[in-house]
Amino acid sequence: MIDIAGLSFSYGKTRVFKDFNLSIPDGQVCLITGINGVGKSTLLRLMAGVLRPDKGAIRFDARLGPDPRRKIGFISDSLSLYESLTVSEAIALHKSAYGLPAIDDALIRHTKIGSGQKVRELSIGQRTILHLELVLSLAPEVFLIDEIIHSIDAYLRRIFLEQIVQLLAKRRLTVVMVNVNFHDIEHLVERVILLKSGEIAVDETIDALKAKVKKVSSRSAPDSLYVLSRIDYEDHSDFFVYPFHEGLRGTLGGEIRDLNLTEIVSAFIGGEYA
């Protein structure tokens, strides 16, 4: 379990979180989303121990041991790891730092990453795969993934996500992702958390969220309906409604349509910018 209690954090005078609370149970795949600058990546860095909270605590299950960071895999959006080293030197240093007898480099070889290449000379996709291989060598219990896989090509993204699927099948891995490609990961996500102004605005299982957010295509929407955002056309408007409940079907004119995760998140974020 990841238990965040009373967390406060600021960059200088810019407050990001104040008395923030969140609990993520073991084995859950959680997506954290929200508009740019809301604190998504900062929250991941706080969980990873890269940043320290000004106040409050982040606690992990006792089975992660006295230093949970050794069981936390963090794929950052910066990928600045070992840039001055060659790939083989980076692997050797990683093995030495963590006392590992060996590292399975099958992914590195499969994606044609040369052992003599400098890490800084690798493409973003190659660096992501190298970083993933190093993280997997630690057999993490918690996996934190920032937005980096937006930047890699479709083939490497598929390889990356296949590794996550395999890990989930093998054990109760806890995964927290930030704003990755929703289409690619929708089948993995169990819970969606939307941040707004440093607080949790929405916290739903993906099934509940899909049941509660609908698109209503109509000339107008009742005043009593809560509309997240809308798109206007010449002859009608698309209203993105939350929370929707089945009792509304008989009272609304027009077409009511289910939405995928990308459309749902876009509706929430579109409302933020409206």
Side-chain angles (χ1 to χ4, degrees), residues 1-9 16-34 38-53 55-76 132 135-136 138-149 160-182 184-196 198-213 242-243 260-261 264-265 268:
M1 173 180 286
I2 305 172
D3 185 33
I4 302 174
L7 176 72
S8 294
F9 180 81
V16 183
F17 298 107
K18 182 180 180 181
D19 197 27
F20 182 88
N21 300 284
L22 174 64
S23 182
I24 300 173
D26 287 344
Q28 187 172 77
V29 180
C30 181
L31 172 68
I32 297 177
T33 188
V38 78
K40 305 181 298 293
S41 295
T42 297
L43 184 58
L44 230 58
R45 291 188 179 102
L46 286 161
M47 290 183 192
V50 176
L51 298 175
R52 292 184 178 276
K55 184 181 177 183
I58 301 176
R59 301 183 182 90
F60 295 88
D61 193 283
R63 65 188 174 83
L64 269 64
D67 186 2
R69 290 174 298 179
R70 296 184 66 88
K71 286 297 182 180
I72 297 173
F74 179 36
I75 304 293
S76 168
L132 174 65
V135 165
L136 294 183
L138 301 175
E141 300 287 340
V142 176
F143 207 173
L144 309 175
I145 308 171
D146 212 332
E147 298 180 272
I148 188 62
I149 70 167
F160 184 100
L161 293 173
E162 283 174 354
Q163 295 300 309
I164 306 303
V165 171
Q166 291 178 25
L167 284 172
L168 290 170
K170 289 178 181 177
R171 61 179 187 271
R172 287 177 57 81
L173 181 70
T174 304
V175 181
V176 184
M177 297 182 278
V178 165
N179 261 22
V180 295
N181 187 296
F182 302 129
D184 289 340
I185 53 87
E186 182 168 341
H187 65 292
L188 298 176
V189 174
E190 299 172 88
R191 180 182 179 189
V192 179
I193 294 172
L194 178 79
L195 299 182
K196 180 178 180 180
E199 298 180 351
I200 296 174
V202 176
D203 185 355
E204 301 270 14
T205 67
I206 190 167
D207 291 336
L209 197 58
K210 286 184 173 183
K212 291 180 181 180
V213 182
Y242 172 82
N260 61 36
L261 181 57
I264 289 170
V265 173
F268 278 104

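Side chains included, hydrogens not; waters and symmetry mates left out as well; all remaining heavy atoms used. Owing to the predicted nature of the structure, the values given are computational and were not obtained by experimental measurement.
- Taking 4.5 Å as the limit, every side-chain heavy atom of Leu194 sits out of range of all side-chain heavy atoms of Lys196.
- For Glu199, the CD atom sits in a loose shell: 12 or fewer heavy atoms of surrounding residues, nucleotides or ligands are nearer than 6.0 Å.
- Taking the side chain as every heavy atom from C-beta outward, Arg63 and Asp26 approach each other to under 4.5 Å.
- Between Leu261 and Leu31 there is a side-chain heavy-atom pair separated by less than 4.5 Å.
- In this structure, the separation between CG on Leu144 and CG on Asp146 is 9.0 Å, given to the nearest 0.5 Å.
- With rounding to the nearest 0.5 angstrom, the CG atom of Leu132 is 5.5 Å from the CD1 atom of Ile75.
- Using modelled atom types, one side-chain atom of Glu190 and one backbone atom of Val29 make a donor-acceptor pair closer than 3.5 Å.
- Between Leu22 and Leu7 there is no side-chain heavy-atom pair separated by less than 4.5 Å.
- Distance check, rounded to the nearest 0.5 Å: CD1 of Ile264 to CG of Leu209 gives 4.5 Å.
- Shown here are the side chain to side chain donor-acceptor pair (under 3.5 Å) partners of Arg191, two or more places apart in sequence or in another chain: Gln28, Asp203.
- No donor-acceptor pair under 3.5 Å is formed between the side chain of Lys40 and the backbone N or O of Leu195.
- Note that CG of Leu43 is 10.5 Å distant from CG of Leu51, once rounded to the nearest 0.5 Å.
- Taking 4.5 Å as the limit, every side-chain heavy atom of Phe143 sits out of range of all side-chain heavy atoms of Thr174.
- At most 12 heavy atoms of other shown residues, nucleotides or ligands fall within 6.0 angstrom of atom NZ in Lys18.
- Looking at heavy atoms from C-beta onward, Tyr242 lies in side-chain contact with Glu204 at the 4.5 angstrom threshold.
- The line from CD1 of Ile185 to CE of Met177 is 4.5 Å long, rounded to the nearest 0.5 Å.
- Looking at heavy atoms from C-beta onward, Ile145 lies in side-chain contact with Ile164 at the 4.5 angstrom threshold.
- Side-chain contact between Thr33 and Phe268: absent, with no pair of heavy atoms (C-beta onward) separated by less than 4.5 Å.
- Checked against salt bridge (charged side-chain N to carboxylate O under 4.0 Å, His left out), Arg52 has no partners two or more places apart in sequence or in another chain.
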